Amino acid sequence: MKRLDKDFYRQDALILAKALLGKVLVHETAEGTVKGIIVETEAYMGAMDAGSHAYQNRKTPRTKTMYEAGGISYVYLIYGMYCCMNVVAFEEGEAQAVLLRALEPIEGIDLMKKRRNLEKAKNLCNGPGKLCMAMDITKSENAVDLVTSSLYIEDAISIQKKNIIADRRVNIDYAGEARDYPWRFFIKDNPYISVKKQT
DNA sequence: CGGCTGATCGTG
DNA sequence: ACGATCAGCCGA
């Protein structure tokens with residue numbers, strides 16, 4: 001399968017978040033290659049989004065990568081011990097990104113189990129921190145180019161609109177009315193998503 | 001099953 | 001201080 005190209009990433013994060021569902025995240029490492037189908041995402045819309053690290057155009061060393069042109073990763077440390085991976089969207093200067101929240105593991109599952117110290121396939125990648133552990137995505141994968149590096153996304157199926165559920169994003173209670181925006185997307189009836197229902 | 005909590009540290 | 005989280009523990 002072919003890698004997604006630059007043009008695919010340079011669209012609005014709300015479009016990209018839905019378009020990424022069904023595509024395959026790949027990380028080639030010395031230990032082996034792991035792959036998972038993207039089944040759950042969240043869009044973060046930059047300056048106008050109170051849930052985003054880039055709210056009100058906040059520019060810091062950490063958020064710098066989000067302002068780059070679409071097609072690179074934005075990986076950051078959360079709660080002092082976990083990593084989350086985003087795909088930077090749209091054009092340079094906009095700080096839009098798509099958080100990858102859950103994968104359906106399809107290759108390198110034994111390696112994922114080893115990294116997660118866990119047997120159950122359903123729980124290997126059903127959360128943003130979990131999928132980073134299983135895929136060995138750390139801060140050294142921050143700002144890497146998804147078109148040229150060993151961390152990338154393969155083209156695959158597109159999910160039909162009727163099979164995409166939109167819901168509130170997870171754990172952004174501080175974000176005022178943005179807390180309720182339906183900017184979390186997941187594949188209907190897929191058993192590998194992180195949270196079944198909000199509200 | 002659902003709710004609560006401690007872990008742990010870079011960021012601002 | 002606190003968080004775009006997780007695992008383990010508790011009680012039902």
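Within every chain, numbering begins at 1; the chains are lettered A, B, ... in the order of the sequence lines, protein sequences first and strands thereafter. Please read these numbers as outputs of a predicted model, since none were measured by experiment.
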message = Side chains of Glu28(A) and Tyr152(A) only: does a donor on one sit below 3.5 Å from an acceptor on the other?
response = yes
query = Just how far, in rounded Å, is P of dA7(C) from CE of Met81(A)?
reply = 11 Å
inquiry  = Using a 5.5 Å cut-off between ring centres and planes within 30 degrees, is Tyr44(A) stacked on the base of dA4(C)?
reply    = yes
task = Round to a whole Å and report the spacing from CD1 of Ile137(A) to P of dT5(C).
result = 16 Å
ask   = Which is true for Arg179(A) with a 4.0 Å heavy-atom rule: it touches a base, it touches only sugar-phosphate, or it touches nothing?
value = nothing
inquiry  = Measuring to OP1 and OP2 of dT11(B), would you say a side-chain N or O of Thr60(A) lies under 4.0 angstrom away?
reply    = no
message = Is there a side-chain contact between Lys130(A) and the phosphate of dA4(C), meaning an N or O under 4.0 Å from OP1 or OP2?
response = no
key: Separation of dC2(C) P from Tyr76(A) OH (nearest whole Å)   = 18 Å
Most 5' of Leu118(A) and Tyr174(A) on DNA chain C, judged by nearest nucleotide = Tyr174(A)
task = Starting from C1' on dT5(C), measure out to NE2 on His53(A) and report it in whole angstrom.
result = 12 Å
Spacing of Met133(A) atom CE relative to dA7(B) atom P, expressed in whole Å = 17 Å
request  = Answer with yes or no whether the side chains of Asn126(A) and Lys122(A) bring together a donor and an acceptor at under 3.5 Å.
outcome  = no
query = For Tyr79(A) and Lys139(A), take the nucleotide of DNA chain B holding the closest heavy atom to each; which residue's nucleotide lies nearer the 5' end?
reply = Tyr79(A)
task = Check whether any side-chain nitrogen or oxygen of Arg101(A) sits under 4.0 Å from OP1 or OP2 of dT5(C), and answer yes or no.
result = yes
inquiry  = Within the 4.0 Å heavy-atom criterion, would you say Gly129(A) contacts the bases, only the backbone, or no part of the nucleic acid?
reply    = sugar-phosphate
message = Atom NZ of residue position Lys64(A) - does it have more than 12 heavy atoms of other residues, nucleotides or ligands inside 6.0 Å?
response = no
remark   = From CG of Leu131(A) across to C1' of dC6(C) the rounded distance in Å is 13 Å
Whole angstrom value for the distance that separates P of dT5(C) from CG of Asn171(A) = 4 Å
ask   = Does any non-hydrogen side-chain atom of Ile72(A) lie less than 4.5 Å from one of Tyr9(A)?
value = no
query = Measuring from Leu99(A):CG to Trp183(A):CH2, what's the distance to the nearest 0.5 Å?
reply = 14.0 Å
key: Pair partner, dA4(C) [Watson-Crick or wobble, under 3.5 Å]   = none
Sugar-phosphate only, base, or nothing, as touched by Lys59(A) at under 4.0 Å among non-hydrogen atoms = nothing
key: Length of the line joining Leu77(A):CG and dC2(C):C1', which is rounded to integer Å   = 13 Å
task = With heavy atoms under 4.0 Å as the rule, sort Gly51(A) into base, sugar-phosphate or nothing.
result = base
inquiry  = Between the base of dT5(C) and the ring of Tyr82(A) - centre-to-centre under 5.5 Å, planes within under 30° - is that a stack?
reply    = no
message = Any donor-acceptor pair under 3.5 Å linking the side-chain atoms of Glu141(A) with those of Thr138(A)?
response = yes
query = Contact class for Ile78(A) (heavy atom, under 4.0 Å): base, sugar-phosphate, or nothing?
reply = sugar-phosphate
